[in-house]
Structure formats: structure tokens, C-alpha cells
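The next block holds one structure in the form of C-alpha cells; read it before the comments.
Every chain is numbered from 1, with letters handed out A, B, ... down the list of sequences.
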Amino acid sequence: MQDLNKLNIISNEIHDFEFINAIENSLAIGSWEFNLKTNTLKWSTVTKKIHEVPDDYKPDVETGLNFYKEGLHRERITSIFSNAILTNTSFDDEFIIITAKGKEKWVRSIGYPVFENDTCVLVKGVFQDITEKTQKNIEISYKESLFRSIFENSITGMAIVSLEGKWLKVNNSICKIFGYSEAELLDLNFIELTHNDDKHIGLEEIKLMIEGKLDNFQVDKRYINKNGNIIHCQLSTTIVRDLDNEPVHFVANINDITKSKLAKQKIKNLLAISSKQNERLLNFAHIVSHNLRSHAGNLDMLIGLKKEDYPDAVDNEYFPHIEKAVKNLNETIANLNDVAIHNIVEVENLEPLNLLEYVNNAISNIKALHVVKKAKIKIDINKTIKVKGIPAYLDSIIINLLTNAIKYKNPDEDPKIKLIASKDDKNIILEVIDNGIGIDLKKHGEKLFGMYNVFHHNKDSRGLGLFITKNQIEAIGGKIEVKSKVGKGTTFRLFFKKTNYA
Amino acid sequence: MHRIKLACVIDDDPIYIFAIKRLFKRKNFTSNFIIYNNGNEAFKGIKERLKNGEQLPDIILLDINMPVMDGWQFLEDYKKLKIEKKIPIYVTSSSIKKSDVEKAQGDNFVRNYVNKPINKENLDFLIEDFKKVDL
């Protein structure tokens, strides 16, 4: 503006030239002129500036064209420039040039040929730096294509929906979700596809969004697809407003969650069935064990009484067998009760228990047994370690494993038992390592922790110990693993839940 | 020897009744019994005895699971009789439910809980415990 003020506008041609120069400068538009008679090319100051050449630079046609980027751009300018001269056709196009300083610039080049007697004598032109504008256009078109590819290829169904609920634009995923083609969908509206019972869902929110009180909302609702099947969807709707904050349309994101919904329902049903069955099983176990217990107990009692009251009557071949059978029956029922009780533990009842104390206690409990067998027991347990459990279970678990380790000793060796405790992220691990006869895990591995599986012909084998141990450790949230080599020994690894302050 | 005059057995199991009679006799604990087969029978019987001034038992063995009226209901009604004589009541059951044991132990009128079947240990426990009763 300052430059303009200096100009005397109502003046002659010289001043006009200055005026043009001023305009050129402020608009970044340069001019040029090619005189065919003298074969000279003239560039205005701004044209030179765009080319980044000094003010005293003298261009010619050859060098002028060479500023255009080699290849497409240079070929094109050369061809339309020749065309202008030969056929009196003006041109107006956009090109890339490489400036004297090696910079790439987008320019708009306009040329008007001037003819005298069917011969071109002059070409006048305008030269404009449009790099910034072009760059912006490129950015916009990049963003546009980015958005388009996101929209088209998203695995989420995406749609632009009018304020009245008509589909304006849908992507492939939406078509897949609903089973309609794009053309079919655009003929339908949102409400038509919604499950009858869910048509009310979101209406309130849509009103709020149109009123400008809400920008986005998310709901789960059901739709009906082309085949008439119910589809469960997660819908996220956002309102788009123009510069005046007037609502324009909605953008909807739709996720088909039918599969996961059905899977969830299935899991829920299965859980309900299995807990019911579990409950029945427990009841059954209780009733059976309770009723059996009374009857078997009575039998035992009667046999005892008869033996004392009528010593003669029991002095026969049958009686000892009957007595033994009743004794076995009672034992079995007692075991059954053990198992039935162990299956009902509530996790909330778990308390922190000092592992070392329990191990020491277990060892003193089985003193009678291990003294007889000359067992050597080594303990490596930090006295601060605590595990989550139920006292009776922890006692029983440790005693059971120790007893096993001693019972199934190598015939020619005194039993050596190591108890080692360690920690990992979640668990306290107690290893019980013995040098006993071992277990053939290939043969018995799967049945090892089953009920009534006895692998050794040992006089005390009940075949229930490991079953109960496994039940007990699992009931307190842990697990048991075993490694063994026949003739070398067995290692049981017990995983206990850590207490919060272990 | 600790001997009592009269024992009351409230139980619906004839085999148990037969056995307990036998065992008490053998232990020289008592030979006199009154037997009721459910809580209601027992309640009526004891009430009748109270009314007629007849001899009341020195011990009551009470089963839990019985038809007509169970052991718990009997206990509730029994308390209302306000019998002056403090009769030790032993709840005898084959129930191993913790809740039953706890309920019995928490009841002021119940002397102790004795597991069925009545084997040697349970019987000895019962008699030893009874000896400690401050009559």
C-alpha cells in the first residue's frame, strides 16, 4: 500500500509501468514478453524473483524453458509454447519449475501470442508463484484420500446420516453388516432398519444433539439385516456442524457385536447350567454321604455289639468277612465326605498363613512315621513367607506330600526330602523333592491325581491322598505339578496364591 | 460308678435306639429309657410327665433330622416348658454340616454335640462329658 501511495496514478505510461510493477510485487505475479523479431525474452522483476535470479539476469527462450522441471513439465511447456506461436493459441497452465537456487516451485504460466500478418511476432505472458496454494491443495487432497480410505476400508461400519435419518454415504462394512448393497441402503433410513423394540433408543440423544446440547453418544441397539435376522450393534453417533454451528449431518460408527453377544450369552447359559449341576452334585454328595453314613455306621455298631453279646455267633467263616466289608464301607464313606467337604470353600475365607510354621508343624505331626523310616528332611523356606489358604487344608496338603515322600521311599535308601520355597510374580512355590521310588508319569500321569488310583503295592496306600491334595490346593486358588523319574525320586511343585503382604 | 435313673432318647432310627440301649446298659450307665420317635411325640410326652409329676429323664439324646417335628423345633418348644430340672441335652446326629454343629454348640440348652454313629469313642466321650455335668 505504501508503494501505491507513492504513485501518481493519473499520470503517463512510465507511471503505468511503475503501477504494474507495484501490483506484480504485491500479488507475486510476474510478467514476461518474448519478441520473435529480435528473439529476445524479457522478464519482469517479479518473474526474476520467482526464478530466484539476480535483477540483471538476461534470460533467453532456451534457458527460460530449462527452468521448467525436466520431463513432463518441460515437455508440456515446450509443446504449448510452440503451439501458441504456430497456431495463435493462448495458454494457461500450472507447472513445476526449479529455481536458480534449486528450489521446486509451482507456477501458473499464462501466454498470449500476438500476430501480425499471420505471423507470430510477440508472446506476452504472466507468471505467478502458486506454490503455497498448490501445496495446500495437495495437503487437502491427501487428507481427503486418507479420510476416504479410512472410511471405505474401516472394519467399523461408518456412515454419514442426514438429520432426518437418511443414509447419505455408507462404507463397505455397513453394507456387510446389514447385508444390503450401497444403493439399497441409500434408499432406506436408519429407523427402518432398527429392531422394533429398539426404535426409541437414542431418540432423546438425537434431539439433544440437534439442539446443540450434546456432541456424541454411544448405545447398544439391535437392527434387522436384509435376511431378517437380528444383529446386535454398538452405535456411536457424532453430529457435524457448519461454521455457523448449525447441524449438518451425523457421522455414525456401527460395530456388529452379534457374535460376541451370542458368545457371551452362551457362556452365561453354560455357567448357569454348570453351577446348577455343581450345586446338585454337592447336594447329592451330601445326601449320599449323610444317609450312607448313618446306615453304614449302624451296621458297624450292630456288628460290634453282636461280637460282644454273642461271641459264639461270630465264630464262623462269614463273620470276619462281613466285619471287613462293613469296615471298608465306612472308610469309603468317610473319604467321600472328605471330598464332598473340600469342594465347598469360599475364597473369601482364605487367610495368610506362615508357610514355615505349617511345614514345621506338619513334620512334628508325622514324627512317628519319619523316625521309623529314618527320613532326613531339609527345609529352605524364608520365615517371612506367607501363603493364602485354610489352615486345615495347608496342614493336610503338607502332611500328605511328606507322608507320600516317606511311604514311597527307595527300598535301599533312607528317604531324603527337601522343602524349598520360592516366589514368582503371582505365586509362592513350594517344592517337595524326594529320592523315593518315583512314579512312571508316562503310564500314570493322567490318573495320578484321580480318585482311587494306587500305583504302588504299599500297605498304607489309599489312593485318595493326591486326589484330596489336588482338590485342596485348587480350592485355595493354587495348583500342583509333578515331575518324577522312576527309581530316582519325585518333585511336587505347589503353587500358592501370594498374600498381599508376602 | 456313675449311674443315672432314666435316659430319654428322641430318634426315629430303631437300630440306633436298639444300639444305644444296649451300650448304655453295658456301660452300666442306665437300663431305663423313655423313647420318642420324633420331636412332637417327645414334647407331648415330657409335658405329660411334667403335668403328672412323673419322673423326668436325667439325660436327653436328641436327633436333628426326624419326621413330623425335627430336633431344632423340639428344642424351641421344650424351652417354653420352663422345666426346673436342668436336663443335659445331647444333640446326636450323623450330620457333618458345620452349621448344625455350630447351632448346637451355640444353644444354651444343649450340653454338647455327639456325632453318630455311636461308636466306642463317641460313647466314651458322651459319658465322660456327662460326668462333668454339675447336677
Side-chain angles (χ1 to χ4, degrees), chain A residues 279 281-311 313-314 322-346 348-349 351 390-393 396 468 472 475, chain B residues 7 9-31 33 35 37-39 61-67 70-72 90-105 113-127:
Chain A
E279 205 178 299
L281 207 62
L282 276 179
N283 280 339
F284 175 75
H286 271 296
I287 292 163
V288 167
S289 63
H290 176 88
N291 293 351
L292 280 180
R293 224 171 94 88
S294 334
H295 299 318
N298 279 344
L299 269 179
D300 195 37
M301 198 166 61
L302 289 172
I303 282 171
L305 286 173
K306 180 159 189 177
K307 206 170 161 185
E308 287 184 27
D309 286 355
Y310 305 100
V314 303
I322 294 171
E323 200 177 20
K324 184 85 210 309
V326 170
K327 197 178 154 246
N328 289 346
L329 179 62
N330 274 299
E331 251 173 45
T332 305
I333 291 164
N335 292 340
L336 203 64
N337 277 328
D338 280 349
V339 176
I341 290 173
H342 293 146
N343 280 325
I344 21 170
V345 180
E346 275 139 41
E348 305 95 72
N349 296 341
E351 46 185 300
I390 292 171
Y393 285 14
S396 153
I468 289 178
Q472 286 174 332
Chain B
V9 181
I10 309 171
D11 204 300
D12 62 328
D13 180 358
I15 299 173
Y16 169 77
I17 294 165
F18 166 75
I20 201 79
K21 278 180 165 175
R22 208 78 201 158
L23 288 165
F24 275 6
K25 273 181 208 161
R26 176 157 335 122
K27 282 273 173 188
N28 219 3
F29 189 57
T30 190
S31 315
F33 298 90
I35 307 292
N37 286 322
N38 65 57
L61 304 185
L62 176 65
D63 187 24
I64 295 173
N65 296 311
M66 286 180 291
D70 73 4
W72 301 125
Y90 287 85
V91 169
T92 57
S93 173
S94 54
S95 168
I96 45 167
K97 268 198 269 175
K98 230 179 157 184
S99 58
D100 280 341
V101 180
E102 279 166 2
K103 193 168 176 184
Q105 283 166 347
Y113 185 93
V114 180
N115 240 315
K116 272 195 205 169
I118 293 284
N119 55 23
K120 220 171 153 33
E121 291 100 64
N122 290 342
L123 182 71
D124 288 344
F125 167 79
L126 193 151
I127 292 175

ask   = With a 4.5 angstrom heavy-atom cut-off, which part of A:L302 approaches chain B: side chain, backbone, both or neither?
value = side chain

remark   = d(B:I118 CD1, A:D300 CG) to nearest 0.5 Å is 12.5 Å

task = Could you please spell out the steps behind the side chain to side chain contact (heavy atoms under 4.5 Å, CB included) verdict for B:I15 and A:H295?
result = CA-CA 9 Å; B:I15 299 173; A:H295 299 318; over 6 Å; no

ask   = Crowded around A:K307 NZ? As in, over 12 foreign heavy atoms under 6.0 Å?
value = no

ask   = To the nearest 0.5 Å, how far apart are CE in A:M301 and NZ in B:K116?
value = 8.5 Å

query = Does any non-hydrogen side-chain atom of A:D309 lie less than 4.5 Å from one of B:R26?
reply = yes

